[in-house]
Amino acid sequence: MQTRPRPYHHGDLRAALLARAEETLREKGPAALSLRELARDLGVSHAAPSRHFKDKQALLDALALTGFERLSTTLAASQETAGDSFADRLGALARAYVGFATANAELLDLMFSIKHDPAASEALVQASQGMAALAARLIEEGRRTGEVRDAPLEAIAVPMFSTLHGFASLAVSGTLPPDTLDTDLDDVIAHTLRGCAPDHPAPHRPTLPGQPRTLPR
């Protein structure tokens with residue numbers, strides 16, 4: 001359902017432009033974004049947005065930047081209320097990420113497309129590293145406590161994020177039934193935890209002559 005444009009009166013025009021741009025992004029996609037249309041929606045002159053964004057690309061860059069800042073805030077908040085174990089913290093991180101992705105599907109898609117643009121600003125590149133830095137700290141702490149296997153950081157972080165982002169994409173696309181998303185995410189978290197867990201091979205017991213071999217249970 002489309003939202004009606006809110007006329008701009010006084011205050012922070014830049015923030016108002018970004019808010020209306022995000023509404024348009026959600027309703028119509030990035031191709032529909034236009035500084036001229038935003039100005040008309042907000043009831044300001046066609047030239048007014050140029051004082052804050054020199055062109056549409058600058059607007060998209062700013063949208064992506066605010067998106068990454070909000071994502072970082074959301075993920076950090078999830079860790080403040082999580083338990084102390086790696087499983088608790090990973091579960092909280094996963095649920096926060098999927099929640100953000102499903103609530104901001106179009107924005108998230110823009111964020112990841114813009115961050116790889118060679119023209120992306122340094123501020124955007126830095127902001128986009130927030131989730132990676134948080135995940136790295138989580139993994140390092142898990143290794144320190146013996147809850148995560150001893151392996152290169154990328155060998156754990158890449159499969160973890162790929163699984164999580166893939167699940168979020170399936171949820172956003174409607175491929176997964178909405179009424180089972182919570183249960184499905186629990187299964188994904190459990191699967192990820194098994195992939196992160198340290199290996200604990202059973203101690204080798206030599207087989208005595210004449211003793212039948214048995215498979216480990």
**Prompt:** Do Arg137 and Glu140 sit within salt-bridge range, that is, some charged N less than 4.0 Å from a carboxylate O?
**Reply:**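 Salt bridge between Arg137 and Glu140, a charged N being under 4.0 Å from a carboxylate O: no.
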
**Request:** Any pair with a residue in residues 116-143 that passes ring-ring contact (aromatic ring centres under 6.0 Å, His included), sequence neighbours left out, goes on the list, sorted by first then second residue, please.
**Result:**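 For residues 116-143: none.
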
**Message:** Test of understanding: with side chain to side chain donor-acceptor pair (under 3.5 Å), list the residues that count as partners of Ser162, not counting sequence neighbours.
**Reply:**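 With sequence neighbours excluded, Ser162 shows a side chain to side chain donor-acceptor pair (under 3.5 Å) to no residue whatsoever.
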
Find out whether [X] and [Y] are in side-chain contact, i.e. whether some heavy atom of one side chain is under 4.5 Å from a heavy atom of the other.
| X | Y | result |
| --- | --- | --- |
| Cys196 | Met160 | yes |
| Thr192 | Val188 | yes |
| Leu35 | His46 | no |
| Met131 | Leu164 | yes |

**For the student: nearest non-hydrogen atoms of Ala21 and Leu33, plus distance** =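 Nearest heavy atoms, Ala21 then Leu33: O-CD2, 3.4 Å.
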
**Item:** Taking every non-hydrogen atom, the tightest pair across Leu75 and Tyr97
**Value:**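 Distance-wise, the nearest heavy atoms are CD2-N, 3.8 Å.
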
**Request:** For atom CG of Asp84, decide whether the heavy atoms of other residues, nucleotides or ligands shown that lie under 6.0 angstrom number more than 12.
**Result:**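 Counting neighbours around CG of Asp84, 12 or fewer heavy atoms of other residues, nucleotides or ligands fall under 6.0 Å, so no.
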
Apply salt bridge (Lys or Arg N to Asp or Glu O under 4.0 Å) to [X] and list each qualifying residue two or more places apart in sequence or on a separate chain.
| X | answer |
| --- | --- |
| Arg36 | none |
| Glu141 | Arg144 |
| Asp186 | Arg95 |
| Arg70 | Glu22 |

**Request:** Measure the spacing between CD of Glu69 and OG1 of Thr73 and express it to the nearest 0.5 Å.
**Result:**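 Answer for the CD-OG1 pair, Glu69 versus Thr73, is 7.5 Å.
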
**Message:** Check whether Arg14 reaches the backbone of Arg51 with its side chain - one donor and one acceptor, N or O, closer than 3.5 Å.
**Reply:**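 Not at all, since once roles are kept as given, no pair shorter than 3.5 Å links the two residues.
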
